Structures are given as structure tokens and as C-alpha cells.
**Student:** 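Sharing a structure, written as C-alpha cells. Questions coming.
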Amino acid sequence: MDSAAHRSSEKQIETLERLIHSHSEPDLLAAAENPNLTEDLARAMLSRRDLPPAVLQELAKNSAVLKQRPVIVGLVAHPRTPRFVSLPLARSLFPFELMQVAMSPAVAADLKIAIEQMILDKLDKLSLGERLTLALRGPTRIAERLLLDPEQRVVETALQNPHLTEACIVRTLMREAEHFNFVELIANHPKWSLRIDVRCALLRNPKTPMSVALHFAQTLPADVARDALFHSNLPASVKTYLMAEIQRRQR
């Protein structure tokens, strides 16, 4: 590049830097549509939460910067990007990019739900390594779905997810088709097996081992254990035995 061209390029960058920090919508529109807009400048623009929706819409039409995936992620995650812009763009993102958007605190609830559904729709096609990463770091809905993963390593990892809740564990235990390994994992888990609602769910699960059910029936408050067993799917003979144990404990 000769010196004249270099000076011209520098001048364009200086102009764009001025435009992206302007509070004038025409200036911002001019920057958004400029084919010389760089990834760094586009990301600097997207760091502004006061961008008008029209500017974000114009930026989404700029094919030069849309070649850069961080710009697409920034557009989708921006709280003022119109849904008719953000949702089509989101469909081009990879699962971890979608997770990045879903975990952003600035993302609106309706968009977060849509993004999480996109991730859920892709789960069956993901590699073990990708599912393990999502299990550990993904949002609550993703972690809960991965409790049903056929790979035990994924399930064990999801149980460590900081976004997983007690309600997720209970819902999964209440699924009729839940595999036996999950019941055992929860019954022996150092964190989840201590929760009262989880213990009640285990008392209702027909695949809970007799020894586990007996331990929980003996350690839960009598009225709580009795209520759980009243709504339990354990075999009738097991429920009768456990009810008798609770009755003996109260004498």
C-alpha cells in the first residue's frame, strides 16, 4: 500500500471511529452501512446499549462485518436488536455461540427461550465433548435436558452445573421412563441427595432401591415421608413395609 492509500485508509478509520461514538442517528447509520467498517469498530459499536434499532438493523445488512462471527454474536445478544433481525442471525450460530448469547444477562427472556430451544434442537447432533461442555456451563434448561443424556459422564457433569436447580432434579426423577442409573446417581449424590424434595421424589420413583427408600423413609420427617409414599409409584409391598416402618418410628 503506497503512502497516499495508507493515509486515506487511516482517515477512513478515524472518520468511522468518530461516527461510532456519535449520538447522532444519521452518523451511526453511516458507520453501520460503511463497507470499510472493521470487526473491532463494529464490536465497539455493539458495546453501546443506546444504539437505535434502525442502526442495528443496518449493521446486520453490512456483509463486510457479518463475515466476523463475534459481530453476529454481538448483534444477536444486543438488547435493542429487532427480533426479525436477531432470530434469523441466531440460526447461523454454533451451539457454544448460542450458549454465550443465552447466558448474557442483557438478553431478553423471550429471546433467551428461543435461543435455548435452538440449542436443545441441536443436542442430538453434538459430539460427546460438546455435550460435556454444555452440561457443565450451559443454562438451566440445557443442563436439565442433559440429565437424560445416554452417556453417564454427561449426566454426572450436568449435576455439577451451577445453574441446575432442585426442581430440575425432581422433574427428571418424576419421568416414568427414567433410567435406573440416574436414580442411583441422585440417591448417592453428596449434594442433591440431601435435599428434602429430592428425597421425596426418590420415594415416589419406582426404580429407587429398597435400601435407599428405607433410609429416606427413616430420616425424613414422618408426615413428609408418609405423604411422599402416598403418592409413590414404588411397588405396593414396598410402600406397605415403609409405611409400617414410619408407624413404628412414631411409637
Side-chain angles (χ1 to χ4, degrees), residues 1-123 125-127 129-131 133-134 136-142 162-163:
M1 180 184 295
D2 59 34
S3 58
H6 181 71
R7 284 195 300 272
S8 175
S9 176
E10 284 187 337
K11 186 174 178 60
Q12 287 179 345
I13 296 298
E14 289 174 3
T15 300
L16 284 168
E17 286 179 342
R18 177 180 58 81
L19 292 174
I20 68 170
H21 293 104
S22 172
H23 291 284
S24 163
E25 185 166 331
D27 284 351
L28 292 169
L29 287 168
E33 68 183 9
N34 193 303
N36 296 309
L37 190 68
T38 65
E39 176 186 345
D40 288 343
L41 290 173
R43 293 176 71 179
M45 278 188 77
L46 290 167
S47 69
R48 293 181 54 173
R49 290 295 178 256
D50 62 341
L51 289 180
V55 172
L56 291 157
Q57 186 178 347
E58 198 61 41
L59 186 60
K61 298 176 185 177
N62 189 327
S63 58
V65 291
L66 278 191
K67 294 175 183 176
Q68 312 301 327
R69 301 195 68 82
V71 175
I72 301 176
V73 172
L75 271 167
V76 174
H78 198 284
R80 303 189 72 180
T81 301
R83 292 293 179 270
F84 66 84
V85 173
S86 58
L87 286 175
L89 285 175
R91 295 188 183 98
S92 68
L93 295 179
F94 298 132
F96 294 139
E97 293 169 332
L98 289 169
M99 182 178 73
Q100 180 183 340
V101 175
M103 300 297 288
S104 172
V107 172
D110 63 323
L111 180 59
K112 178 182 172 68
I113 290 171
I115 294 291
E116 289 179 353
Q117 190 59 51
M118 291 180 193
I119 300 173
L120 292 171
D121 292 342
K122 296 175 185 283
L123 281 183
K125 299 177 182 177
L126 299 184
S127 68
E130 289 172 320
R131 299 199 315 278
T133 301
L134 285 170
L136 184 62
R137 295 168 44 204
T140 303
R141 285 178 69 205
I142 309 304
H163 306 290

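Predicted, not measured: the structure shown is a model, and the values here were computed from it. Basis for what follows: all heavy atoms, side chains included, without hydrogens, waters or symmetry-related copies.
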**Student:** List in chain and number order the residues that pass side-chain contact (heavy atoms from CB on, under 4.5 Å) with Phe96, two or more places apart in sequence or in another chain; answer none if no residue qualifies.
**Tutor:** Met99, Glu130, Thr133, Leu134
**Student:** Rounded to the nearest 0.5 Å, what separation is found between the NE2 atom of His78 and the CG atom of Leu111?
**Tutor:** 12.5 Å
**Student:** Measure the shortest side-chain to side-chain distance between Pro53 and Thr81 over non-hydrogen atoms and say whether it is less than 4.5 angstrom.
**Tutor:** no
**Student:** Considering non-hydrogen atoms only, spot the tightest contact between Ala64 and Pro35 and give its length.
**Tutor:** CB-O, 3.5 Å
**Student:** When you compare the side chain of Met118 with that of Leu98, does any pair of heavy atoms fall below 4.5 Å?
**Tutor:** yes
**Student:** Hey, could you give me each pair passing salt bridge (charged side-chain N to carboxylate O under 4.0 Å, His left out) that has a residue in residues 22-38? Not counting sequence neighbours.
**Tutor:**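 Passing the test, one end in residues 22-38: no pairs.
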**Student:** Can you tell me if Ser47 uses its side chain to pair, donor with acceptor, with the backbone of Ala44 under 3.5 Å?
**Tutor:** yes
**Student:** Determine, stepwise, if the pair Leu37 / Asn62 fulfils side chain to side chain contact (heavy atoms under 4.5 Å, CB included).
**Tutor:** CA-CA 9 Å; Leu37 190 68; Asn62 189 327; 4.1 Å; yes
**Student:** Just how far is it from atom CD1 of Ile72 to atom OG of Ser92, taken to the nearest 0.5 Å?
**Tutor:**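 These two atoms lie 4.5 Å from each other.
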**Student:** With Asp50, which residues qualify under salt bridge (Lys or Arg N to Asp or Glu O under 4.0 Å), at least two apart?
**Tutor:** Arg48
**Student:** Please report the closest heavy-atom contact between Met103 and Gly138, naming both atoms and the distance.
**Tutor:** SD-C, 4.1 Å
**Student:** At what distance, to the nearest 0.5 angstrom, does CG of Leu16 lie from CD of Glu14?
**Tutor:**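 CD of Glu14 is found 10.5 Å from CG of Leu16.
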**Student:** Taking all heavy atoms of Leu29 and all of Ala54, pick out the closest pair and write down the distance.
**Tutor:** CD2-O, 3.6 Å
**Student:** For Glu39, check side-chain contact (heavy atoms from CB on, under 4.5 Å) against everything at least two apart and list the hits.
**Tutor:** Arg43, Gln68, Pro70, Val71
**Student:** Answer yes or no: are there more than 12 heavy-atom neighbours, outside Arg80 itself, under 6.0 Å from its atom CZ?
**Tutor:**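 Buried by this count: over 12 neighbours within 6.0 Å.
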**Student:** Return the CZ to CG distance between Phe94 and Leu126, rounded to the nearest 0.5 Å.
**Tutor:**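 Output value for this atom pair is 12.0 Å.
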**Student:** Mind checking the CG-CG spacing from Leu66 to Leu59? Nearest 0.5 Å is all I need.
**Tutor:** 6.5 Å
**Student:** Quick check: do Ser86 and Leu75 have side-chain heavy atoms less than 4.5 Å from each other?
**Tutor:** no
**Student:** Measure across Arg91 and Lys122 and return the closest heavy-atom pair with its distance rounded to 0.1 Å.
**Tutor:** O-NZ, 4.4 Å
**Student:** Would a 4.5 Å heavy-atom cut-off, applied to side chains only, mark Val65 and Leu41 as touching?
**Tutor:**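 No; the side chains remain at least 4.5 Å from each other.
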**Student:** Do the side chains of Asn34 and Gln12 get nearer than 4.5 Å, heavy atoms only?
**Tutor:** no
**Student:** Which atoms form the tightest heavy-atom contact between Leu89 and Ala60, and what is the distance?
**Tutor:** CD1-CB, 4.2 Å
**Student:** Among all residues two or more places apart in sequence or in another chain, which pass the side-chain contact (heavy atoms from CB on, under 4.5 Å) test with Leu120?
**Tutor:** Gln117, Leu123, Arg141, Ile142, Arg145
**Student:** Answer yes or no: is there an ion pair linking Glu116 with Lys112, defined by an N-O contact shorter than 4.0 Å?
**Tutor:**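 Yes.
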**Student:** Any chance you could measure Met45, atom CE, to Ser22, atom OG, to the nearest 0.5 Å?
**Tutor:** 9.5 Å
**Student:** Please name all residues satisfying side-chain contact (heavy atoms from CB on, under 4.5 Å) with Ala108, sequence neighbours left out, ordered by chain then number.
**Tutor:**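 By the side-chain contact (heavy atoms from CB on, under 4.5 Å) rule, Ala108 matches Arg83, Asp110.
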**Student:** So do Ile115 and Val107 actually touch side chain to side chain, heavy atoms under 4.5 Å?
**Tutor:**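 The answer is no; the side chains never approach within 4.5 Å.
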